[in-house]
Structure formats: C-alpha cells, structure tokens
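Values below: every heavy atom of this structure, side chains too, minus hydrogens, waters and symmetry copies. What you are looking at is a predicted structure, and each value in this text was computed from that prediction instead of being measured.
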Amino acid sequence: MAVAIAPWSVVLEAGKKESVIPQADVHIKNAALSDELADDSGRTTIKFTYQNLASVDDDDDDDEGDDAPELLKTTVLCSLTAGKIEQSSVDIILERDEEYIFELVGKNTIHLSGNYIDQVQPDAPPFGSDDEEDSDMEEGAFNLEDVSSDVEFDADAIEMDEDAERFEEVDDVPEPKSLKRSHEAVESEAKLTKSQQKKLNKKLKAASGEAVATGVEDKAPAEDKPAQEEKKEKKADKKEKKEKKEKKAEDASASKVLAGGVKIKDVKVGTGKAAKNGDRVGMRYIGKLTDGKVFDKNTTGKPFAFKLGKGEVIKGWDVGVAGMQVGGERELTVPASMAYGSSKIPGIPPNSTLVFEVKLLEIK
C-alpha cells in the first residue's frame with residue numbers, strides 16, 4: 001500500500017534532457033502543457049529513459065554476445081497537442097536513488113506532477129516496536145526437563161556399609177597437646193604489655209602453623225587525612241554528575257518555540273553529531289492532527305530521507321529537525337503557516353496545525 005507524503009513536480013523544456021534522481025519513491029500521476037505555448041498546434045512527446053532490469057539480472061553472467069540486453073530502455077510516456085489533448089494521466093513510479101531521464105520531442109514545455117510516496121505493508125508493526133520475540137533458551141541448548149534417565153533403581157535395595165558406625169558422634173576426644181594451654185598461662189598473658197603480647201603471638205603456633213590469639217586484638221590504624229579528603233572529593237563528584245544528568249533530562253523534556261512558531265520537545269536526546277542544513281537525513285515519523293487522528297506515518301521499510309534545509313519538506317520539518325542527534329526522538333508541533341496552509345491535502349483539513357513524532361535514524 002502506498003501512502004502519499006508530499007507533492008512532487010518537474011518542468012520539462014524543449015531541447016533539454018532532464019535527469020531526475022528522486023530522494024524517495026515518486027508516483028507520477030499527470031502530464032500537462034504549460035500555460036504559455038511555443039507552438040499553438042504542434043504535438044509534443046515525452047520520451048522516458050530508464051535502467052533495464054534485465055541488464056541488472058545479467059550482470060553475473062560470464063557469456064557476452066549479440067543477445068545481451070541493453071543497459072537503458074527508452075519509451076514514450078505520452079504526446080500532448082495544444083487545443084486537442086493538453087493534459088494526460090500518467091501512472092508510473094520512480095524508485096528512490098535511481099536515475100531517470102526525460103526528453104521532449106516538440107516545442108512546448110510540459111509539467112509532470114505527482115507525490116512522494118511511502119510504500120508500506122498493511123500490517124506494519126507500530127513505531128519503535130520489535131518483531132522478534134525473546135527466547136528463554138539459546139538455540140541448540142538443552143532443556144533439563146526433557147532429559148530423562150535410563151537407569152532405574154530401588155532405594156530400599158541400597159545397602160549401607162557395615163562400618164557405617166564410623167559416622168556416629170565420638171565423645172571425649174582428647175585435645176592435642178600442641179593446642180592445650182593452661183588457665184595460668186592465659187592469665188599471665190593478659191598482664192603482658194601490648195609489645196610483649198605481639199611477640200608471644202609469633203611464638204605460639206598451632207599444629208597448622210597459624211598463630212594462636214592471646215585474647216588481645218590489635219586495633220586497625222586510623223585512616224590518614226589524605227584518604228579522607230579523597231573520599232569526600234569522589235562523593236562530591238558523584239553528586240555533581242547526578243545533578244547534571246537530572247538537569248539534562250529536565251532541559252530535554254522542556255518545550256521550545258522556534259522560527260515560524262514551530263514548537264519542539266525532545267522526548268529522547270540522541271548521540272553523535274547534530275543534523276544541520278545540507279545533511280541528508282533518514283527519519284521515522286507519525287503525523288497527527290491535533291485531535292490525535294493519524295494522517296500519515298513511516299514506521300517500517302525504507303526510512304523517509306531528504307536534504308535538511310533545502311525545501312524538500314514542509315518548512316516546519318526543516319526548522320524542527322535541525323539540531324537532532326542520531327537516535328533522538330522529538331515531538332514537532334507545526335502551525336498551518338509552516339505546513340500546508342490553506343491547501344487541500346488528503347486527510348488534512350485546510351489551515352490545520354500538525355503534530356509529528358519523529359526519530360532520526362541516520363545522517364549522511
């Protein structure tokens with residue numbers, strides 16, 4: 001299904017070849033003579049040259065011969081004669097970024113007109129949604145619930161070892177002499193100075209080789225002043241970063257009014273360089289009326305692409321998209337004077353204020 005995005009037109013002059021490379025898919029609908037005629041009775045024919053798809057399919061063939069298809073094909077779109085047939089319906093689609101050549105045979109100027117279109121699928125997923133479903137298991141992984149044992153046994157048939165009594169609790173195990181210390185020794189150690197106790201700790205060893213504690217704990221040395229200052233600085237830096245982050249989020253959510261009364265509100269700030277006039281940008285968008293009714297959208301397939309600041313879109317877009325970063329999402333509120341004014345556009349009443357939810361995918 002094709003959705004009209006914006007008007008498109010080109011003027012063909014006699015004796016000149018017009019090369020057209022559309023920045024989005026174009027549906028040409030009409031051809032008409034100009035209001036000023038160079039020949040009041042003569043016929044003017046439009047010749048149309050395009051790339052032959054058959055030649056593209058044969059690029060991989062190794063054989064070359066007389067039957068090889070032509071790279072370019074030329075046909076006639078229509079012929080117009082002043083006073084008889086001054087305009088004609090045309091139904092042809094030009095694909096984005098492909099080159100097409102128009103040439104007139106005759107003396108009169110002809111205007112071609114149509115629409116930029118977005119060829120979307122009827123059941124396209126909503127803006128920002130993912131078609132892929134998450135899986136709880138990696139591909140090729142085993143589910144333990146599906147793995148069964150081939151070995152069956154009777155728990156009653158398992159016989160315990162006859163010397164199972166070895167697990168019984170044993171009382172009155174004598175303490176190793178190397179770990180025995182008399183009550184008098186402990187009391188005498190308590191009367192020692194701290195330095196004497198440290199020396200004694202080094203001498204007293206358990207059977208494992210580790211020092212035996214004397215009951216006196218050494219206090220950990222107090223933290224030096226530079227370390228305390230460093231901790232305070234880290235804490236202050238962390239607080240400052242948090243405040244900057246909160247301020248940035250607050251600034252992003254605030255609405256701004258730009259030239260022509262266009263209002264912008266950054267829902268999400270992107271990363272990388274900012275879009276500027278002359279950049280070719282790729283966009284996703286949803287266009288709505290102020291009552292919430294959607295009149296146009298591009299949420300899947302080829303992104304809508306145009307050169308920023310070159311008048312290829314409505315003025316509200318040239319003003320409102322400038323400054324966005326890749327990955328950023330923005331809400332544009334465009335008054336009628338910066339959109340379609342009083343023109344009659346399908347799905348858009350005259351003098352309508354339009355609201356766009358836009359996302360910048362790429363900058364070229």
Separation between [atom1] of [X] and [atom2] of [Y], rounded to the nearest 0.5 Å:
{"X": "Ile363", "Y": "Met324", "atom1": "CD1", "atom2": "CE", "value": "9.0 Å"}
{"X": "Ile21", "Y": "Arg96", "atom1": "CD1", "atom2": "CZ", "value": "12.5 Å"}
{"X": "Tyr116", "Y": "Ile5", "atom1": "OH", "atom2": "CD1", "value": "10.0 Å"}
{"X": "Glu233", "Y": "Gln228", "atom1": "CD", "atom2": "CD", "value": "12.5 Å"}
{"X": "Lys307", "Y": "Asn277", "atom1": "NZ", "atom2": "CG", "value": "12.0 Å"}
{"X": "Ile92", "Y": "Leu77", "atom1": "CD1", "atom2": "CG", "value": "5.5 Å"}

[X] vs [Y] side-chain heavy atoms within contact, under 4.5 Å:
{"X": "Ser255", "Y": "Lys263", "result": "no"}
{"X": "Lys47", "Y": "Val105", "result": "yes"}
{"X": "Thr49", "Y": "Lys73", "result": "no"}
{"X": "His27", "Y": "Asp91", "result": "yes"}
{"X": "Glu95", "Y": "Pro22", "result": "no"}
{"X": "Phe295", "Y": "Ile345", "result": "no"}
{"X": "Val20", "Y": "Trp8", "result": "yes"}
{"X": "Lys238", "Y": "Lys242", "result": "no"}

request  = Kindly determine whether Leu308 and Asp318 satisfy side-chain contact (heavy atoms from CB on, under 4.5 Å), including the steps that lead there.
outcome  = CA-CA 6 Å; Leu308 187 62; Asp318 276 338; 4.0 Å; yes

query = Taking the side chain from Asp291 and the backbone from Lys293, do they hold a donor-acceptor pair closer than 3.5 Å?
reply = yes

Whether Asn108 side chain and Asp39 backbone form a donor-acceptor pair below 3.5 Å = yes

Restricting to non-hydrogen atoms, name the atom on [X] and the atom on [Y] that form the minimum distance, rounded to 0.1 Å.
{"X": "Lys344", "Y": "Pro350", "answer": "CG-CG, 4.3 Å"}
{"X": "Lys107", "Y": "Thr44", "answer": "N-OG1, 3.7 Å"}
{"X": "Leu112", "Y": "Ala31", "answer": "CD2-CB, 3.5 Å"}
{"X": "Ala82", "Y": "Asp40", "answer": "CB-O, 3.1 Å"}
{"X": "Gly320", "Y": "Val262", "answer": "CA-CG1, 4.4 Å"}
{"X": "Asp118", "Y": "Lys302", "answer": "OD1-O, 4.4 Å"}

inquiry  = Around atom CZ of Arg280, are there more than 12 heavy atoms from other residues, nucleotides or ligands closer than 6.0 Å?
reply    = yes

ask   = Around atom CD1 of Ile85, are there more than 12 heavy atoms of other residues, nucleotides or ligands at under 6.0 Å?
value = no

inquiry  = For residues Leu258 and Val355: do they belong to one hydrophobic cluster (side chain heavy atoms under 4.5 Å, members Ile, Leu, Val, Met, Phe, Trp, Tyr)?
reply    = no

message = When you group the ILVMFWY residues by side-chain heavy-atom contacts below 4.5 Å and let the links chain together, are Val10 and Ile117 in the same group?
response = no

message = Test side-chain contact (heavy atoms from CB on, under 4.5 Å) on Lys359 and Leu361; report intermediate values, then the result.
response = CA-CA 6 Å; Lys359 180 175 183 179; Leu361 298 184; 4.2 Å; yes

message = Quick one about Ser19 and Glu99 (side-chain donor to acceptor, distance below 3.5 Å, no hydrogens or angles considered), yes or no?
response = yes

request  = Give a yes-or-no answer on whether the side chains of Ser113 and Ser9 include a donor-acceptor pair shorter than 3.5 Å.
outcome  = no

query = Stepwise, does the side-chain contact (heavy atoms from CB on, under 4.5 Å) test hold for Leu71 with Gln51?
reply = CA-CA 6 Å; Leu71 293 177; Gln51 184 176 8; over 6 Å; no

ask   = Tyr285 vs Phe304 aromatic rings, parallel, tilted or perpendicular, using cut-offs 30° and 60°?
value = perpendicular

task = Under the side-chain contact (heavy atoms from CB on, under 4.5 Å) rule, what do Glu98 and Tyr50 come out as? Steps first, then yes or no, please.
result = CA-CA 9 Å; Glu98 295 291 336; Tyr50 59 94; over 6 Å; no

task = With sequence neighbours left out, write down each residue that passes salt bridge (charged side-chain N to carboxylate O under 4.0 Å, His left out) with Lys288, or none if nothing qualifies.
result = Glu357

